[in-house]
**Student:** 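Quick one: the structure is below, and I'll ask about it shortly.
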Amino acid sequence: MKTMPPENTRPKKAPAVHTAMDQFPSKNGELHIGGLSGGNGNGIGIRQLAARVGQTPFYAYDRQLLNDRVAELRQQLPNEISLHYAMKANPMPAVVQHFAGLVDGFDLASAAEMQVALDAGMHPDEISFAGPAKGLHELTMAVAAGVTVNLESELELERVAQAGEQLGITPRVAVRINPAFELKTAGMKMGGVASPFGIDSERVPAVLQRIAELQLNFRGFHLYAGSQNLRSDAVIETHNHTFALCAELAEHAPGAVHTLNIGGGFGIPYFPGEQRLDLTPVCENLERLLDEYSVFDDTEIVTELGRYLVGEAGLYVCEVIDRKESKGEVFLVTNGGLHHHLAASGNFGQVLRKNYPVAVATQMDSDDKEVVSVVGPLCTPLDLLGKKMLLPKAQPGDLIVVYQSGAYGYTASPRDFLSHPECAQVLV
Ligand SMILES: *Cc1c(COP(=O)(O)O)cnc(C)c1O
């Protein structure tokens, strides 16, 4: 008969932990950011940066880390693949300006993002505009700018033709495909299901014919199958399906397929137990696909990435205002919270709330730790930045950072909610 070993000798399953956040150095117990901003490449201390910004809370993004991430991708991706920045991840004008000199193009999701992209000096030929609900007004702006419109519907196609006619300009269009396959492991499912995004693949041949009739400038295809993917096998599967489907649809194209945007969806680790995506097999598979699909030999293959480019380069910084104990639990009450960083509070599409990686940026070397919950200033229990985390003991005046905050932070949060002071942003 099998017996269980006694409780105290049974191997305990180790609790899942956050992957190491080693992208920012710490010196003398203080976190540093901004390798290009002095300090002999070690960056600026977080207290000095807070003084420079003149307030907490703020978001800080590190130029050096943006450079490093792009360089690393360029090194690994096949040379034939162009790298686009999906601006909605972080549309701060300084960040977009920085990327204008680093990547090959921008992908937009609104007309306001288009203005930022054009102001940053990106050539309109390298800009594509996706997203539903593009009305005649936005489409007219896009056609006048000369950017490529990624068509999300058949009505949008008629409207963009109308905009072109009114302006006397031939619109540049690509067809966004809603594929019949689904990417099972993506954080957010897009594809394989009824969708407000893209045109169902079975309807695409008819749409291509209509593009020919309307004599629009057909650029190619766009297929985006999901976001926040940490599994290389799932990304590979998506790429395989994407190439196969687009090669099939290319036979119906009204002309050459100039660009094939294969999406992106590369994830970054946010929660305990998550590991960084292994790009090596993904890139090897892309090499193989480029060899196999000679139909795309003269096509520019584009991958569009948002959070993968900026997410890990950003910190959200707030300040401990109060430290209180209640019924045996310790709360660090900060001036930052859900209103600035909805995702870290667990209210941006998460089913089960999990903690983002959080640190006491002014006590990085301290071994004197305690279990605390980090909460914000809003009068709602949803305003939680860290639940029961083991952190160095902190006092009012200490600075708390939330890592992995460079994407879907500032602009993805309800900053007016409860009318607390605005949050700042800096690119360091
Ligand atoms: C949001 C979005 C992206 C960027 O997603 P990330 O997860 O930030 O990489 C790329 N393409 C399209 C079409 C999107 O809607």
Side-chain angles (χ1 to χ4, degrees), residues 61 66 69-70 73 77 81-92 95-96 99 103-114 117 126-134 142 147-153 156 173-179 183 185-191 193 195-199 219-232 234-235 238-239 242 246 259-271 274 276-277 279 282 301-314 342-343 348-350 404-413:
Y61 316 116
L66 301 180
R69 183 49 66 99
V70 170
L73 270 166
L77 284 171
I81 298 215
S82 297
L83 191 58
H84 280 205
Y85 176 50
M87 273 178 59
K88 78 169 188 284
N90 186 332
M92 182 194 183
V95 167
V96 174
F99 273 124
V103 300
D104 306 306
F106 288 150
D107 294 311
L108 321 169
S110 72
E113 285 185 5
M114 184 178 85
E126 314 301 336
I127 297 175
S128 60
F129 184 0
K134 295 195 285 294
V147 308
T148 297
V149 173
N150 290 0
L151 298 169
E152 303 275 358
S153 79
E156 208 174 276
V173 297
V175 177
R176 179 168 178 183
I177 303 163
N178 177 35
L183 181 54
T185 47
M188 236 178 279
K189 218 170 26 178
M190 289 191 188
V193 288
S195 172
F197 311 112
I199 296 171
R219 304 309 301 165
F221 296 113
H222 175 211
L223 199 157
Y224 184 73
S227 195
Q228 181 48 21
N229 205 318
L230 290 172
R231 283 183 43 190
S232 50
V235 176
T238 305
H239 285 163
T242 299
C246 293
T259 61
L260 171 60
N261 182 335
I262 61 173
F266 297 179
I268 60 172
Y270 289 109
F271 306 122
E274 292 184 343
R276 291 192 168 85
L277 172 67
L279 275 185
V282 171
I301 311 286
V302 172
T303 187
E304 51 174 359
L305 299 171
R307 83 184 72 222
Y308 192 79
L309 295 182
V310 288
E312 301 213 57
L342 188 66
F348 190 59
Q350 286 133 265
Q404 309 299 75
S405 297
Y408 306 107
Y410 186 84
T411 57
S413 301

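Every number for a ligand or one of its atoms is a count from 1 in the order of the listing.
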**Student:** I'd like to check which ligand 1 atoms, numbered from 1 as shown, lie under 4.0 Å from a non-hydrogen atom of Ser227.
**Tutor:** 5 (O), 6 (P), 7 (O)
**Student:** Under a 4.0 Å N-O cut-off, is there an ion pair linking Arg307 with Glu312?
**Tutor:**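 Judged by the 4.0 Å cut-off on N to carboxylate O distance, Arg307 and Glu312 do not form a salt bridge.
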**Student:** Go through ligand 1 atom by atom and flag the ones less than 4.0 Å from a non-hydrogen atom of Ala86.
**Tutor:**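 Atoms satisfying the 4.0 Å criterion: 3 (C), 4 (C), 10 (C).
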**Student:** For Leu108 versus Ala117, what's the shortest heavy-atom pair and its separation?
**Tutor:** CD2-CB, 3.8 Å
**Student:** If you compare all heavy atoms of Tyr61 against all heavy atoms of Met92, which two are closest, and at what distance to 0.1 Å?
**Tutor:**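 Shortest heavy-atom separation between Tyr61 and Met92 comes out as CE1-SD, 3.6 Å.
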**Student:** Which of the atoms in ligand 1, numbered in the order shown and given with their element, are less than 4.0 Å from a heavy-atom of His222?
**Tutor:** 13 (C)
**Student:** Do any nitrogen or oxygen atoms of Ala130 lie less than 3.5 angstrom from nitrogen or oxygen atoms of ligand 1?
**Tutor:**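 No, no N or O pair falls under 3.5 Å.
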**Student:** Test the Arg69-Tyr308 pair against the cation-pi criterion, namely NZ or CZ under 6.0 angstrom from the six-membered ring centroid and within 45° of the ring axis.
**Tutor:** yes
**Student:** Answer yes or no for Tyr408: is there a heavy-atom contact with ligand 1 below 4.0 Å?
**Tutor:**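 Contact check Tyr408 vs ligand 1: positive.
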**Student:** Kindly identify the option in Lys88, Glu304, His84 whose heavy atom sits closest to atom 2 (C) of ligand 1.
**Tutor:**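 Closest candidate by heavy-atom distance is Lys88.
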**Student:** Compute whether any side-chain donor of one residue and acceptor of the other, for His84 and Glu126, lie under 3.5 angstrom apart.
**Tutor:**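 No, Glu126 and His84 have no side-chain donor paired with an acceptor closer than 3.5 Å.
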